[in-house]
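Hydrogens, waters and symmetry mates play no part in the numbers below; they use all other heavy atoms, side chains included. Numbering of ligands and ligand atoms starts at 1, following listing order.
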Amino acid sequence: MRTFCDKSLSLHKYEKRFSMMKKLLLLAALAALTVSCTKDKKILILYYSQTSNTKAVAEALQSRLGADIEEIIPVVPYDSDFGATIERGRKELEMGFLPDLQPLKSDLKAYDIIFLGYPVWFGTYANPIATVLDMPGMHGKTIVPFCTFGSGGLDSSSKAIAEKLPENPVMPGYGIRAARLSSVGPELDRFLVEYGYIKGSFEKLPDFSEFRPVTEEEAAIFDAAVGSYPMIHAKAAEVASRDIEDGVEYKFIARDLPRENGGPAPDHDIQVNVLAKEGCAPEFTQVIR
Ligand SMILES: Cc1cc2nc3c(=O)[nH]c(=O)nc-3n(C[C@H](O)[C@H](O)[C@H](O)COP(=O)(O)O)c2cc1C
């Protein structure tokens with residue numbers, strides 16, 4: 001027998017379903033709009049890669065977008081020795097030196113959107129990108145940054161691009177740790193659909209919770225995620241989290257600890273994003289400084 005409560009419940013269900021349908025229709029319309037916005041645009045994937053990590057992402061992008069692709073090649077290549085590249089890179093940065101590049105084969109003027117790829121160097125885009133940003137052909141282009149890094153730098157490098165080219169639309173970018181390159185495929189699939197560069201569907205993730213003090217268990221997850229990475233020497237203080245399909249995603253706010261070898265600890269907190277998937281060891285996905 002139906003009760004009043006049942007009826008109100010089913011009415012409530014109907015309303016919920018109707019509002020869900022409205023939401024879905026709106027999302028579909030938005031998605032269609034974004035896709036149609038980029039469908040007729042000409043895309044170039046332009047990237048610099050010293051040790052092939054960014055090249056792997058550029059090629060994964062190319063296979064999905066079917067766009068033109070070109071590698072940026074410095075006239076004097078950077079040394080394959082890490083220490084030598086650090087030394088040369090730092091000197092160039094201090095002097096504001098723009099490394100000479102081999103002429104590009106692509107006519108930048110012919111493109112609407114440039115997926116601009118680079119390794120993060122010294123917290124920002126690698127030096128050869130500074131030369132590219134100075135090219136007149138970049139003027140007014142929509143830029144989608146993508147990068148690889150040891151610990152992070154997507155946000156800081158994207159901001160630096162936007163500051164350098166204030167007239168250019170700089171879209172949300174994609175970045176991945178060199179140690180997580182095996183996740184590029186599924187992450188790019190989602191990124192490209194979410195921002196309307198290719199067609200497809202994706203599940204919208206829930207919002208993160210509010211930040212709260214970490215529990216002991218969460219502090220242990222943080223330590224396990226960053227433990228083997230020598231550049232992070234920090235203690236988790238606060239955390240926000242959300243459930244994902246196969247685990248939990250965390251944003252930790254961590255306090256830098258003084259280094260064992262002396263030297264001052266940075267005086268600001270860092271944010272460390274961590275993925276804890278069922279059956280896998282927790283891993284950090286990026287550090288935002
Ligand atoms: C000169 C230099 C500076 C670097 N600076 C950073 C940095 O500030 N932050 C970071 O997370 N990784 C840094 N890295 C690591 C690179 O971003 C990382 O290894 C990247 O995946 C290399 O990409 P590639 O193989 O395309 O050259 C640096 C590497 C070099 C050679």
Side-chain angles (χ1 to χ4, degrees), residues 45-63 69-99 101-102 114-133 144-161 163-164 173-185 187-188 191 225-234 252 254 256 259 263 265-266 268-275 283-289:
I45 300 162
L46 184 63
Y47 71 96
Y48 169 68
S49 183
Q50 191 205 4
T51 58
S52 292
N53 294 336
T54 312
K55 185 187 182 87
V57 181
E59 288 174 352
L61 270 171
Q62 204 276 335
S63 71
I69 183 165
E70 179 163 358
E71 182 171 0
I72 296 160
I73 303 180
V75 170
V76 181
Y78 288 83
D79 202 299
S80 57
D81 175 68
F82 181 74
T85 301
I86 293 277
E87 198 178 322
R88 173 177 162 191
R90 188 165 283 140
K91 265 191 203 144
E92 288 178 350
L93 268 187
E94 281 165 11
M95 289 159 44
F97 178 79
L98 301 180
L101 306 178
Q102 292 188 12
I114 296 183
F115 277 68
L116 187 61
Y118 49 85
V120 169
W121 283 6
F122 310 108
T124 188
Y125 45 75
N127 301 13
I129 298 299
T131 310
V132 172
L133 296 177
V144 184
F146 67 96
C147 57
T148 64
F149 40 75
S151 59
L154 171 64
D155 288 50
S156 47
S157 58
S158 300
K159 264 188 217 146
I161 293 172
E163 275 163 24
K164 177 79 187 148
Y174 171 76
I176 186 161
R177 284 181 62 210
R180 297 187 61 254
L181 276 185
S182 58
S183 301
V184 159
E187 287 191 5
L188 271 188
F191 173 79
V226 302
S228 60
Y229 194 79
M231 307 295 278
I232 305 177
H233 189 53
F252 284 99
D256 257 303
R259 311 287 141 142
H268 54 82
D269 293 344
I270 53 174
Q271 181 182 312
V272 183
N273 296 356
V274 169
L275 261 184
E283 53 178 1
F284 79 91
T285 54
Q286 63 171 319
V287 177
I288 303 168
R289 291 175 199 278

Practice item. Just need the protein heavy atom nearest to atom 2 (C) of ligand 1, so name the residue and atom and give the distance. Key: W121 CD1, 3.5 Å
Check your understanding: Of the backbone atoms (N, CA, C, O) and the side-chain heavy atoms from C-beta on, which set of C147 has a member under 4.0 Å from an atom of ligand 1: side chain, backbone, both, or neither?
Key -> neither
Revision key, fill the gap. Under 4.0 Å from one or more heavy atoms of T54, ligand 1 contributes atoms 23 (O), 24 (P), 26 (O)
Review point. Starting from atom 17 (O) of ligand 1, which protein heavy atom do you reach first, and at what distance in Å?
Key: V120 O, 2.7 Å
Practice item. Please step through side chain to side chain contact (heavy atoms under 4.5 Å, CB included) for the pair L188 and L61, ending with a clear verdict. Key: CA-CA 7 Å; L188 271 188; L61 270 171; 3.9 Å; yes
Check your understanding: Between E94 and R90, is a salt bridge (Lys or Arg N to Asp or Glu O under 4.0 Å) present by the stated rule, with each step listed?
Key -> CA-CA 6 Å; E94 281 165 11; R90 188 165 283 140; 5.1 Å; no
Exercise for review: Given side chain to side chain contact (heavy atoms under 4.5 Å, CB included), test Y125 with I161 step by step and report yes or no.
Suggested key: CA-CA 8 Å; Y125 45 75; I161 293 172; 3.7 Å; yes
**Study point:** Derivation of the salt bridge (Lys or Arg N to Asp or Glu O under 4.0 Å) call for E163 and K159
**Key:** CA-CA 6 Å; E163 275 163 24; K159 264 188 217 146; over 6 Å; no
Study note, to complete from the structure: of all protein heavy atoms, closest to atom 21 (O) of ligand 1 is T148 OG1, 2.7 Å
Review point. What protein heavy atom sits nearest atom 25 (O) of ligand 1, and how far off is it?
Key: T51 OG1, 2.3 Å
Check your understanding: For ligand 1, is there an N or O atom under 3.5 Å from any N or O atom of P119?
Key -> no
Review point. Looking just at side-chain N and O atoms, do Q271 and D269 make a donor-acceptor pair shorter than 3.5 Å?
Key: no
Practice item. For this output row, return yes or no: ring centroids of W121 and Y78 closer than 6.0 angstrom. Key: yes
Review point. If you take all heavy atoms of T285 and F149, which pair is closest and at what distance?
Key: O-CE1, 3.7 Å
Point to revise | For the student: nearest non-hydrogen atoms of V184 and A60, plus distance | key: CG1-CB, 3.8 Å
Exercise for review: With heavy atoms of G123 as the reference, note each atom of ligand 1 found under 4.0 Å away.
Suggested key: 7 (C), 8 (O)
Point to revise | Closest protein heavy atom (residue, atom, distance) for atom 1 (C) of ligand 1 | key: I86 CD1, 3.6 Å
Point to revise | Any side-chain donor near an acceptor of the partner, Y174 and E187, under 3.5 Å | key: yes
Review point. By number and element, which atoms of ligand 1 are closer than 4.0 Å to a non-hydrogen atom of N53?
Key: 20 (C), 21 (O), 22 (C), 23 (O), 24 (P), 25 (O), 26 (O)
Review point. Among A56, S157, S151, A58, which residue places a heavy atom closest to atom 11 (O) of ligand 1?
Key: S151
Revision key, fill the gap. Note: ligand 1 atoms sitting under 4.0 Å from heavy atoms of A178 are 21 (O)
Check your understanding: Considering only heavy atoms of Q50, which atoms of ligand 1 have at least one such atom less than 4.0 Å away?
Key -> 24 (P), 26 (O), 27 (O), 31 (C)
Point to revise | Protein contact to atom 10 (C) of ligand 1 [nearest heavy atom, distance to 0.1 Å] | key: G150 N, 3.4 Å
Check your understanding: Which protein non-hydrogen atom lies closest to atom 5 (N) of ligand 1, naming both residue and atom, and how far is it?
Key -> F122 N, 3.0 Å
Exercise for review: Run the numbers for me: atoms of ligand 1, each under 4.0 Å from some heavy atom of G152, listed by number.
Suggested key: 9 (N), 10 (C), 11 (O)
Review point. Which atoms from ligand 1 have a heavy atom of F82 less than 4.0 Å away?
Key: 29 (C), 30 (C), 31 (C)
Practice item. Say whether, by atom type as modelled, one donor and one acceptor occur between the side chain of T85 and the main chain of D81 under 3.5 angstrom. Key: yes
Review point. Any N/O of K55 closer than 3.5 Å to an N/O of ligand 1?
Key: no
Review point. Can you tell me if N127 uses its side chain to pair, donor with acceptor, with the backbone of G89 under 3.5 Å?
Key: yes
Exercise for review: Would you verify whether the NZ or CZ of R177 falls within 45 degrees of the ring axis of F284 while also being under 6.0 Å from that six-membered ring's centre?
Suggested key: yes
Practice item. State whether the shortest distance between N or O atoms of T85 and N or O atoms of ligand 1 falls below 3.5 angstrom. Key: no
